[in-house]
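Reviewing the structure listed below.
Remember, it's a predicted structure, so these values are computed and weren't measured experimentally. The analysis underlying the following values was restricted to heavy atoms, covering all of them including side chains, and did not include hydrogens, waters or symmetry mates.
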There are 2 protein chains.
Amino acid sequence: MTTGRGIRLRDVAREAGVHIATASRALNPRTRDRVHPRTAAKVDEAAARLGYEVNLAARTLRTQRSEMVGVLIPDISRPLYPPMMRGIVDVLEQHGYSALLLATDEDEQRERRLVASLRARGVDGFILATAHLRHPLLADAATLGVPTVTLNRTATDASVSSVAPDNEAGMADVATHLVALGHRHIAHVAGPTDTSTGQARAAGLHQALGRLGVTIEPVVDVATDTYSIAEGVRATRRLLMSGAPFTAIVTGNDLLALGALDVLRENRIDCPGQVSVTGFNDLPMMDRVTPALTTVRVPQYEMGRTAARLLVAQLLGEGGEDEASAGPVAVEVRHEVLPVELIVRESTGRPPTNGARRPSGRGRVRAATG
Amino acid sequence: MTTGRGIRLRDVAREAGVHIATASRALNPRTRDRVHPRTAAKVDEAAARLGYEVNLAARTLRTQRSEMVGVLIPDISRPLYPPMMRGIVDVLEQHGYSALLLATDEDEQRERRLVASLRARGVDGFILATAHLRHPLLADAATLGVPTVTLNRTATDASVSSVAPDNEAGMADVATHLVALGHRHIAHVAGPTDTSTGQARAAGLHQALGRLGVTIEPVVDVATDTYSIAEGVRATRRLLMSGAPFTAIVTGNDLLALGALDVLRENRIDCPGQVSVTGFNDLPMMDRVTPALTTVRVPQYEMGRTAARLLVAQLLGEGGEDEASAGPVAVEVRHEVLPVELIVRESTGRPPTNGARRPSGRGRVRAATG
DNA sequence: CTGTTAGCGCGTTCAG
DNA sequence: CTGAACGCGCTAACAG
């Protein structure tokens, strides 16, 4: 109700008729029980009357804890991330932490700069959302002793906690689904091999198909450089050019799948009539594209929440750390793998009854543009 | 390369063989020119060697400027916001500011709490993304003297800068487009009346149609409570129930339009064959739903950038403020209205040749579920 | 349970 | 152009 500007602890203390330190203890939840309830009440009242708000910069300077977490996301406008971010923010807020959001664009230079600025700000921890495997930062962050959790990146580094979807299980579901429908000739538009999701999903698919007695011909197993519609287009064109037969395309990500659908459409190949397509992630609106995409739902919001919970647990754990344990302070490292769910929609169906054949003549494939 | 942890200015000063104050001046861009170039170079070198990183908590405590901005967004996982956030982050980063992202869910209580915590953190400014008109916070923020910019909310408060799309022009384009196609009986699923976008778009539509000599019958002019697919469904069902004739539905937002498309589909009313539909915003994937949505593109990323620029301008302006000007410090308040663009896709076409009639019998309208 | 004292790391006076 | 001293607002240690 009042200004709250420039009101310091000493003002509250004077107003309440107690010493500044007493006011501090009364107002800080962690130390409130060290003060007489009646005194605490008086302080509360004075603080409320004056509109006092603690100065966190001062507290941070004193305690070396900023109660802020740095969240590094390549690009929040890519649809995979917003639900994750929301999950992160929700959990952090619950524990009194705030989220500093930075865009990395997966640019190493930029990342280093941003992390440096976050360290300068004294963030208590990092959440690093990236699937890229080469990530020099990780070694740094761990080395520099700032608690870190990676998000959407399967654990490869034993020293940093991680949260990732169960890519293998998702691909196993996809494989089972397609084989049950009767598909035997399956093509694969794989995600980038320098991402953990790309690798894990590709491996999961191959393993599952192997168990089912189906193999993917190398000529119809193509990789992409990035997760994007354009890359999906490029890769699917290559598939068609190969002339090899297939009745289904498994992709590593919904955007790649959208690109595949575009290429099928431009070549007048019916989906799912002639060729089935699957995606991964279940991004928003995937139920509304045409045909509605069969895909693997990744619990994005829950992944964000989990990452934040893991980080907060470390943060709180560290604070209460007794120095009893000698040796390197064993921060508990955990690797959470969250369950995924196959969502069957309209882009998958039985293969054509006349069996697998080249879905299109080479000459009919449109040349790539641009 | 080195740890950077626990390295203080005094360490750098000692390493460089100068006084701590000199090191401070050399390292701070604003005061660097007050020190001898050779001395500055020595300090730089020492800082680099030691991996020094300024402690921003200390600087903030001293200077009362945190170089952080609080960004309040109802829910980052709603597709309108991520591109805005990206724009904000990009511009802020350019000027050395960081973004603290909070989720408000448009809950007033929560908002107050969050704003209080941001003030406690000493943020230098706020960006408030909300279209809701009643916003007590605004008065507060302005009153408390923290520079604020509203985003996606047309100026109603003269004291706070704002960035908003040109809703009127967008609706004028929609009206012109539909009338040119031959539509004379137009229905309207309006956005919430307690939002500035809802109001401005509704007003813009009515005005434009008025100029074109077309009026919307009150029975086919329905409002919604929120921008959501479910509300679009509810409102469109009401439209059909009314029995009044129309050949086009103009909606206040893409989600409402998706709901309208759902209801048309469930009643086997062809779009655009029997009824055309328009949206607003051009959210991601609107080119891929069926039918691809004719809508008004709002420059979300650019709006984010603009909001951040306006805020930074205020922040920098304030710092350089000479006390020469007596009276209330006139922070420059600006209201930016960004141009929009009509994107014509497949959901609009000529009205049926047999003219306007009730697109569906009352009895055929499915009852609302739930 | 409360008061006293000291200092977190920095920027900014004021002298020289 | 550089050095000395002070204090931003708070909390942690130590007394009492």
Side-chain angles (χ1 to χ4, degrees), chain A residues 4-44 46-47 50-67 96 117 119-124 319-320 323, chain B residues 4-43 46-47 50-67 96 117 119-122 124 319:
Chain A
R5 199 63 180 173
I7 308 285
R8 298 182 308 292
L9 210 39
R10 44 181 297 180
D11 303 319
V12 175
R14 192 187 310 135
E15 175 87 3
V18 300
H19 192 272
I20 180 173
T22 306
S24 170
R25 283 189 280 254
L27 258 19
N28 192 325
R30 294 171 37 148
T31 49
R32 188 182 177 78
D33 51 357
R34 291 190 206 165
V35 73
H36 191 93
R38 226 175 44 203
T39 315
K42 262 198 315 193
V43 173
D44 280 353
L50 265 41
Y52 170 76
E53 206 74 63
V54 64
N55 180 326
L56 289 181
R59 174 183 287 175
T60 297
L61 183 59
R62 179 68 186 135
T63 63
Q64 307 286 24
R65 299 179 57 245
S66 65
E67 297 180 349
S117 88
R119 289 181 52 75
R121 287 223 139 76
V123 297
D124 297 335
E323 297 216 27
Chain B
R5 199 63 180 172
I7 308 285
R8 297 182 309 291
L9 209 41
R10 46 182 295 180
D11 302 319
V12 176
R14 193 187 309 134
E15 176 85 5
V18 300
H19 193 271
I20 182 171
T22 307
S24 170
R25 284 188 278 257
L27 258 20
N28 194 326
R30 293 170 40 149
T31 50
R32 188 181 177 78
D33 50 358
R34 290 190 206 162
V35 72
H36 191 92
R38 227 176 44 203
T39 315
K42 261 199 316 193
V43 173
L50 264 41
Y52 169 76
E53 205 76 63
V54 64
N55 181 326
L56 289 182
R59 172 181 287 177
T60 297
L61 183 58
R62 183 69 180 112
T63 62
Q64 309 285 24
R65 300 179 57 244
S66 65
E67 297 180 348
S117 88
R119 289 182 52 74
R121 286 223 140 76
D124 298 335

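Note that CZ of B:Arg62 and CG of B:Asn55 are 14.5 Å apart. Values are rounded to the nearest 0.5 Å. Note that OG1 of B:Thr60 is 7.5 Å distant from CG of B:Asp124, once rounded to the nearest 0.5 Å.
Between B:Asn55 atom CG and C:dG11 atom C1' the separation is 12 Å, expressed in whole Å. D:dG7 atom C1' lies 13 Å from atom CD1 of A:Ile20, rounded to whole Å. If you take CZ of A:Arg10 and C1' of D:dG7, they are 11 Å apart, rounded to a whole angstrom. Look at CZ on A:Arg62: it is 8 Å from P on D:dA13, rounded to the nearest Å. In this structure, A:Lys42 atom NZ and C:dT2 atom C1' are separated by 11 Å, rounded to whole Å. Rounded to whole Å, the distance from CG on A:Leu56 to P on D:dC10 is 9 Å. Spacing between atom CG of B:Leu27 and atom P of C:dC10 amounts to 9 Å, rounded to whole angstrom units. For B:Arg121 and D:dC10, the CZ to P distance is 15 Å, given to the nearest whole Å.
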- Worked verdict on A:Ile7 versus A:Glu53 for side chain to side chain contact (heavy atoms under 4.5 Å, CB included): CA-CA 7 Å; A:Ile7 308 285; A:Glu53 206 74 63; over 6 Å; no
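None of B:Val54, B:Leu9, B:Thr22 except one satisfies the side chain to side chain contact (heavy atoms under 4.5 Å, CB included) rule with B:Leu27; the exception is B:Leu9. Tested against A:Val12, the residues A:Ile20, A:Leu50, A:Asp44 include a single side chain to side chain contact (heavy atoms under 4.5 Å, CB included) partner, A:Leu50.
Nearest to the side chain of A:Val35, among C:dT2, C:dC10, D:dT11, sits C:dT2. Side chain of A:Thr22, nearest nucleotide from C:dT12, C:dG3, D:dT11: C:dG3. Side chain of B:Leu9, nearest nucleotide from C:dT12, C:dG11, D:dC8: C:dG11. Residue A:His19 places its side chain closer to C:dT5 than to any other of D:dT2, C:dT5, C:dA6. The side chain of A:Tyr52 has D:dC10 as its nearest neighbour among D:dC10, D:dC1, C:dG11.
Using a 4.0 Å heavy-atom criterion, one finds that B:Thr39 contacts the sugar-phosphate atoms exclusively.
The phosphate of C:dC10 (OP1 or OP2) has no side-chain N or O of B:Ser24 nearer than 4.0 angstrom. For the OP1/OP2 pair of D:dT11 and a distance below 4.0 Å, the side-chain nitrogens and oxygens of A:Thr63 include no atom meeting the criterion. For the pair A:Gln64 and C:dG9, the criterion of a side-chain N or O lying under 4.0 Å from OP1 or OP2 is met. Remark: A:Asn28 is not in phosphate contact with D:dC10, judged by side-chain N or O atoms under 4.0 Å from OP1 or OP2.
When each of B:Leu61 and A:Arg59 is assigned the nucleotide of DNA chain D with its nearest heavy atom, B:Leu61 is the one assigned upstream, toward the 5' end. Closest-nucleotide positions on DNA chain D for A:Arg34 and A:Arg8 were compared, and the one nearer the 5' end corresponds to A:Arg8.
Summarising the geometry of B:Ala40 relative to B:Val35, their closest heavy-atom pair is CB-CG1, 3.7 Å, with the distance given to 0.1 Å.
Contact of B:Arg25 with D:dG3 (side chain to base): a donor-acceptor pair of N or O atoms is detected under 3.5 Å.
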